[in-house]
Amino acid sequence: MPDIATYAAPRSLEQAVELLRSGAVTILAGGTDLMVQAQAGKAKFNPTLMNIRRIPELSGIVESGGVVRIGALTTVTDLLDSALIRQRFSALWQACDQFASDQIRNAATIGGNICNASPAGDTLVPLLVLDARVVLAGKPNGSVTRRTLPLAEFLLGPGRTARKPTELLEAVEIPVPPAGFVSAFFKFGTRPALDVAVIAISLGAVRNGRTLTGVRVGFGAVAPTPIRAPATEAILEGCTLDDATIAAAAAAAASEVHPISDVRASDWYRRELIGNMLRRMLDHVGNG
Amino acid sequence: MDALQKTKAEAGTKPASGDTLIGKRIPKKDAPEKASGRTRYIDDINVPGQLYGKILRSTQVHARIRAIDTDAARALPGVHAVITAADVPWQRPIGVSKDHLPLKSDRVRSPRDEVAAVAADSEEIAEAALKLIRVDYEPLPIVADAQEALKPGAPLLHGEDLVWTSPDGRSEVLHKASPGNVAMTFTYAQGDVVRGEAESAAVVEDIFQLHYVTHCCMGVSGVIAEFDASDNLLLHSNTQVPFLHKREFAEMLGIDPGRVRIIQPPIGGGFGSKLDIYPFEPIVIFLARATRRPVKLVYTREEEFLASPTRQPVLLKLRSGCRQDGTLTFRAVETVHDNGAYTSWGATTPFVMMQTFSSLYRVPNCDYRTLAVYTNNPYSGSFRGYGNLQATFAVEAHMDKLADAIGMDALEFRLKNAQDPGEVTPQGMHFNSCGFKDCLRTAAERSGYQQKRLAYRSKWNDGAVIRRGVGMASMLHVGGGAKIYQSDGCGTILKMDDFAHLTLITGASEIGQGSETVLAQLVCEELGLPLAAVSVVNSDTDITPWDVGVHASRTTFVAGNSALGAARKAKTKILAAAAAKLEQPPEALDLRGGFVIAKADGKRLIELSRLIRSLHFSDKAELVMTTHYYEPPSHHQDKEFKGDVSAAYSWATQVVEVEVDTQTGIVRLLNVTAAHDVGRVLNRLGIEGQIEGGVVMGQGYALTEELLVENGVVRNPNFRDYKLVTAPEIPEMDISFIESMDGEGPQGAKGVGEAPAICVAAAVANAIHNATGVRLYALPFTPENVYRALHGQAKPLTWNVAI
Amino acid sequence: MSATVEIAFTLNGVATQIQVPATLSTLEMLRVRLGLTGTKYGCGEGECGACTIRVDGLTLNSCLMFAADCDGRDVTTIEGLAATPTGEALKEAFTANGAVQCGFCTPGLVMQASHLLERHGHGHGHPGPEEIKRGIEGNLCRCTGYSKVIEAIAAVDVSAK
């Protein structure tokens with residue numbers, strides 16, 4: 001286990017970002033990723049360990065001004081229990097429903113899932129497709145300031161984000177989607193629970209009968225970060241979901257991803273799954 | 001009357017359901033404690049003054065050890081001892097072939113190899129000390145495949161004799177060099193397979209590949225060793241063979257076996273993982289000796305994956321045939337066993353496999369040859385089923401293939417070849433009680449097997465993405481012990497106190513399977529007492545009589561008969577005393593409900609506890625204390641592996657229904673219909689639990705579990721990527737018990753511990769074929785493996801060995 | 001040497017104060033520092049559920065929780081639960097239904113079951129088998145095949161809560 005020089009448990013956002021000014025801080029929220037990494041010797045611990053779980057500003061799911069703001073400390077269970085999330089952001093809700101186990105869901109936070117930036121992070125693919133933005137708080141010049149970044153720009157690589165060491169992820173903001181918007185999520189693991197995704201797919205679009213507009217397609221576990229699939233989206237945009245379109249989209253998806261082979265699956269199989277499962281999801285969405 | 005008829009007759013005269021404990025649902029005696037978190041497993045036990053042990057394992061797959069520098073580690077505050085092979089020059093090799101030194105001296109042959117060990121004041125300090133040990137390795141070429149290891153010129157893993165030097169300077173060769181990397185070979189033959197093939201209308205030949213899985217006991221391995229003031233050894237060990245280990249540890253230390261005491265704490269799962277001595281136990285004993293303090297060592301879960309024995313992986317070639325009328329004619333089998341770096345029980349799985357090849361269904365001609373081959377891979381131990389899963393996988397694939405080849409219904413084909421009670425197989429097994437056909441018919445009827453198999457097969461060309469199929473497989477396994485050691489017996493001491501409370505002292509270990517409860521049940525049934533009247537003592541070699549160990553599904557049968565023997569002796573003594581007191585013949589009396597009763601009308605004559613006290617506090621001054629050692633009437637096999645090795649045999653048939661998603665390869669196990677010939681159901685609750693647990697273990701073997709070993713390295717030593725079946729995945733289970741009432745079994749019962757895990761994978765393979773028309777020959781049936789097979793991308797299996 | 005943290009929390013209903021290294025897990029604190037060995041080490045990675053405890057009413061894997069995070073919270077282990085009517089009812093249901101074999105996973109399952117039953121809601125009868133299976137998907141068992149565990153949880157006498 002790593003050596004920690006200081007442990008802090010700030011009670012306000014202001015206190016937290018003040019502590020972060022030194023930049024030598026490891027942030028602890030639910031601990032479900034951090035403890036595993038600490039035990040495995042995989043995380044580089046900074047001299048200060050800062051537990052942010054007692055900061056009230058980081059909780060809550062609030063809709064205001066066309067945006068839903070989810071506090072970074074919102075647990076996966078909180079998201080599952082939220083009627084707002086279930087109704088508005090079905091793909092995110094579905095991802096939470098397939099997230100590990102009850103014991104993990106009760107502790108894991110959306111902020112932690114985002115900052116851990118795993119290529120297979122369960123909430124990340126739906127968030128990408130929902131045009132989520134992250135809100136980062138810092139105290140560079142003596143007062144608390146914030147900046148907002150689209151999620152796609154925040155996730156840089158496996159375990160790497162655009163968060164500066166002096167910043168704290170405060171919240172995720174998701175714009176309320178237009179009427180007729182539907183979203184879906186699919187994660188492939190060999191078991192219904194406890195599984196790290198072999199591939200993950202998320203879809204979002206405004207559906208009018210069998211025609212989709214504002215199409216978003218996201219993939220997880222097939223690239224260093226979760227990715228959007230522009231070529232696949234282009235095929236679907238404004239089109240009717242007939243067999244030919246679906247087949248073309250599935251083919252585009254399979255060639256748009258560059259998965260690796262690892263202990264969980266081969267690259268060939270991941271590519272097959274992307275094509276087959278996208279087709280299945282589109283059939284499902286098309287049939288209502 | 002013969003023994004079988006006598007048991008059946010006795011069963012008939014037992015009072016109808018009401019009074020008897022047999023066949024009832026009896027809760028496990030230790031369940032309340034376990035469900036309250038009060039049970040203390042090895043990791044929960046702490047001995048005053050204990051130190052914590054940790055083992056340094058090799059960072060290389062195959063290498064010479066040039067030097068080990070432990071100076072910095074020894075100097076760390078809180079470290080009491082750092083040992084390497086140089087500190088224990090008198091260490092004896094362990095394991096089935098004695099090719100395995102606990103601390104490696106000149107060479108490491110796998111990443112689990114133990115190079116050094118530390119005892120310290122805390123686990124943290126011990127871990128820190130490990131990091132300070134410097135080992136200078138000279139890498140050697142890696143042998144990662146058994147077929148490669150057999151090639152001429154392959155690096156030899158045990159190319160020199162293992163010479164042991166005693167403390168007084170004597171030299172002894174304890175393991176001879178193994179030329180060509182061959183660790184063990186077996187040859188078995190019955191009849192003439194050439195003639196058998198000539199008589200066949202259909203012949204099929206296939207190669208099968210059975211993979212690495214591991215026990216994954218929820219409680220990780222651990223041990224506590226301490227020497228007392230007179231240098232006697234006390235071991236807190238989860239061994240499943242305490243008496244065998246007692247002798248081996250004594251030999252290892254050069255002391256009298258009487259000076260070794262083993263206490264067995266409640267175990268967090270066994271499944272065969274604790275039937276051999278593994279290096280960590282001798283190493284902790286060495287640390288305890290070196291420090292003169294108790295030393296405790298508990299594995300991490302990663303270490304459990306990396307360093308525990310696995311199930312034996314097998315590359316198997318089977319050629320079998322039948323006549324046009326459906327009778328089996330021959331089986332010719334060859335197997336290659338990856339022995340890993342050192343030999344453990346996995347190498348001896350052919351003992352069990354030959355029983356299946358030669359006697360699962362009637363086969364007049366059989367030829368079986370096998371090689372166990374050294375490699376740098378993990379070594380295998382014994383694991384529930386002990387080779388039978390692997391053998392059955394191949395045999396039952398061919399049962400379907402042969403039936404289809406001659407156009408016979410798959411159930412009828414099996415019934416045609418299934419044995420009947422009274423048969424003696426060419427291998428010399430006497431099938432006294434045999435419910436094989438009943439198993440087949442029951443499982444088939446209750447699952448609708450025949451109709452479903454035809455119906456699903458007829459849909460092969462309908463283009464559906466989600467497809468269903470059914471598959472059947474049966475198994476044969478020993479059910480009355482297995483005479484592989486000098487004795488297959490078990491001892492019992494029974495004492496009754498002045499309040500008619502019994503203490504049952506048995507050599508048989510409880511490993512979670514409920515043997516304790518069953519033994520209490522048998523004894524209480526015999527003596528007419530409630531279960532609450534019995535305490536079972538079973539976990540201290542200083543107290544309990546000898547038992548060979550918990551393996552081969554033997555405990556209910558052997559320990560049960562032993563307990564019954566002691567109980568019957570007690571009953572005879574009690575009734576004789578009652579007869580004298582009541583001036584009646586003992587044959588007119590019986591024991592029921594805590595009373596001596598009149599057999600004729602059930603009238604209560606005298607309370608048992610009063611009778612006992614009157615026997616004790618009288619001029620007779622006698623206590624009721626009896627003993628019995630039961631040796632099953634089985635036989636050691638001769639040099640050709642022939643003989644009636646068990647006192648009884650058990651069968652089961654399982655029919656499974658699967659759903660295959662052809663776009664992902666996911667196979668869902670929908671339901672399992674199982675019919676098990678168990679002789680007689682003793683504890684209905686316990687036996688159901690054994691079957692259900694075994695089926696799910698078989699499900700894991702078939703569908704989800706795989707220890708990924710690449711170039712000698714385990715790639716997934718954790719639960720994230722080694723996938724155990726979880727609750728949402730279990731199938732619906734329909735379980736029937738065929739009570740063939742074995743004449744020798746206690747109350748007619750036979751062993752069942754291993755049976756339910758044995759034929760699941762074989763049945764699933766047949767079901768996937770029924771669903772898709774595609775047969776898979778390699779386990780596990782993970783989604784990717786199934787998908788590849790369905791799309792013509794399965795890796796072809798090759799056989800490049802001449803045995 | 002690691003920084004230590006002074007924490008104060010309620011453990012099985014008793015006010016508790018202890019100093020712990022900042023990186024110590026709750027599991028280790030319970031088992032080693034506080035001598036409560038009912039909570040088990042199964043994997044240390046949150047994959048097996050043997051270490052399940054309840055914190056502020058929710059179940060968590062104690063192996064993943066930093067002990068320092070117990071500060072100010074309400075922690076219940078199997079020892080605490082076993083002393084309550086719910087714990088009693090679960091003990092009886094697990095025993096009567098044959099849900100215990102080696103028993104190593106049992107404390108974690110009993111803890112998770114207690115949470116499941118509560119979440120299902122008083123007065124709404126029992127969770128059904130599918131809900132129970134979902135609820136215990138994070139608890140691994142190698143002996144029972146889960147079947148009787150599910151039956152036991154479905155059979156718990158809810159009036160005892």
Side-chain angles (χ1 to χ4, degrees), chain B residues 25-28 30-41 43-46 123 215-220 266-271 298 300-302 304 511-514 683-686 688-697 699-700 718-720 724-730 733 756, chain C residues 21 28 31-32 35-48 50 77-79 81-83 87-88 90-111 130 132-150 152:
Chain B
R25 306 178 79 81
I26 314 258
K28 210 156 169 301
D30 58 5
E33 205 174 285
K34 286 175 171 171
S36 315
R38 286 168 180 260
T39 303
R40 290 198 200 106
Y41 300 85
D43 194 13
D44 305 324
I45 295 172
N46 294 303
E123 275 194 45
H215 304 72
C216 295
C217 302
M218 293 317 298
V220 293
I267 196 175
F271 313 114
V298 177
T300 63
R301 177 57 64 182
E302 186 184 51
E304 187 77 16
I511 59 167
Q513 84 282 46
N683 180 353
R684 192 167 299 272
L685 197 61
E688 281 174 5
Q690 281 295 292
I691 307 286
E692 289 159 4
V695 165
V696 172
M697 200 171 246
Q699 177 185 5
N718 54 64
F719 285 137
R720 187 170 311 111
L724 291 183
V725 174
T726 58
E729 299 165 79
I730 63 173
M733 293 189 239
Chain C
E28 244 194 281
R31 287 182 56 79
V32 179
L36 293 173
T37 59
T39 309
K40 303 301 178 200
Y41 166 83
C43 71
E45 293 191 307
E47 295 282 339
C48 76
T77 68
I78 184 69
E79 290 90 346
L81 178 68
E88 266 295 315
L90 279 162
K91 180 188 81 176
E92 274 169 33
F94 269 63
T95 299
N97 287 279
V100 181
Q101 288 185 33
C102 88
F104 197 84
C105 71
T106 305
L109 270 168
V110 168
M111 294 303 293
E130 292 313 309
I132 293 172
K133 286 180 193 175
R134 256 295 297 233
I136 62 170
E137 63 192 350
N139 289 78
L140 295 178
C141 172
R142 198 50 161 157
C143 296
T144 67
Y146 306 102
S147 211
K148 292 191 180 337
V149 173
I150 296 161

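Just so we're on the same page: letters track the sequence lines, and every chain starts at 1.
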So which part of B:Glu688 gets closer than 4.5 Å to some heavy atom of chain C, the side chain, the backbone, both or neither? both

Can you tell which of B:Cys216, B:Gly686, B:Gly269, B:Gly514 has the highest number of heavy-atom pairs within less than 4.5 Å of chain C? B:Cys216

Select one option (side chain, backbone, both, neither) describing which atoms of B:Thr39 are under 4.5 Å from chain C's heavy atoms. backbone

Would you kindly say whether C:Glu79 and C:Thr77 are connected by a side-chain donor-acceptor distance under 3.5 Å? yes

Greatest number of heavy atom pairs closer than 4.5 Å to chain C - which of B:Gly700, B:Pro266, B:Gly270, B:Gly689: B:Gly689

Considering only NZ, NE, NH1 and NH2 on the basic side and carboxylate oxygens on the acidic side, decide whether B:Glu33 and B:Arg38 come within less than 4.0 Å. no

Looking at C:Cys43, C:Ser147, C:Cys102, C:Pro107, which has the largest count of heavy-atom pairs under 4.5 Å with chain B? C:Cys102

By a 4.5 Å heavy-atom criterion (distance strictly below it), what part of B:Pro32 contacts chain C: side chain, backbone, both, or neither? both

Decide, yes or no, whether a salt bridge links C:Glu45 with B:Arg301 under the criterion of side-chain N to carboxylate O below 4.0 Å. no

dist C:Lys91:NZ -> C:Leu81:CG (nearest 0.5 Å) comes out at 11.5 Å

Under a 4.5 Å heavy-atom cutoff, which of B:Lys34, B:Lys28, B:Arg25 has the most pairs with chain C? B:Lys34

Electrostatic pair C:Glu137-C:Arg134, nearest N-O below 4.0 angstrom: yes

Could I get the full list of ring pair (Phe, Tyr, Trp, His ring centres under 6.0 Å) partners for C:Tyr146, not counting sequence neighbours? none

One option among C:Glu88, C:Gln101, C:Glu92, C:Lys40 has the most heavy-atom pairs under 4.5 Å with chain B, and it is C:Gln101

Measure C:Thr144 against the heavy atoms of chain B and call it side chain, backbone, both or neither at under 4.5 Å. backbone

With no hydrogens and no angle check, is any side-chain donor or acceptor of C:Asn97 less than 3.5 Å from a backbone partner on C:Ala99? no

Could you tell me which portion of B:Ile267 (side chain, backbone, both or neither) has an atom closer than 4.5 angstrom to a non-hydrogen atom of chain C? backbone

Take C:Val32 and B:Glu123 through the test side chain to side chain contact (heavy atoms under 4.5 Å, CB included) and record every step on the way to the result. CA-CA 11 Å; C:Val32 179; B:Glu123 275 194 45; over 6 Å; no

Look at B:Asn46, B:Val725, B:Ile730 and state which one has the largest set of heavy-atom pairs under 4.5 Å with chain C. B:Ile730

Test side chain to side chain contact (heavy atoms under 4.5 Å, CB included) applied to C:Tyr41 and B:Val298, step by step: CA-CA 11 Å; C:Tyr41 166 83; B:Val298 177; 5.6 Å; no

Which atoms of C:Ile132 approach chain B - backbone, side chain, both or neither, heavy atom under 4.5 Å: neither

Region of C:Lys148 that comes under 4.5 Å of a non-hydrogen atom in chain B: both

Those residues at least two apart in sequence (or on a different chain) that pass ring pair (Phe, Tyr, Trp, His ring centres under 6.0 Å) with C:Phe104 are B:Tyr41

Between C:Gly98, C:Gly87, C:Cys141, which shows the greatest number of heavy-atom pairs under 4.5 Å with chain B? C:Gly98

Greatest number of non-hydrogen atom pairs under 4.5 angstrom with chain C, of B:Gly693, B:Gly37, B:Gly694, falls to B:Gly693

Of the listed residues (B:Asn683, B:Asp44, B:Val696), which shares the most heavy-atom pairs with chain C below a 4.5 Å separation? B:Asp44

Set out, in order, the CA-CA distance, both residues' side-chain angles and the distance that settles side chain to side chain contact (heavy atoms under 4.5 Å, CB included) for C:Ile136 and C:Ile150, then state yes or no. CA-CA 9 Å; C:Ile136 62 170; C:Ile150 296 161; 4.2 Å; yes

Side chain, backbone, both or neither: which part of C:Ala96 has an atom under 4.5 Å from a heavy atom of chain B? backbone

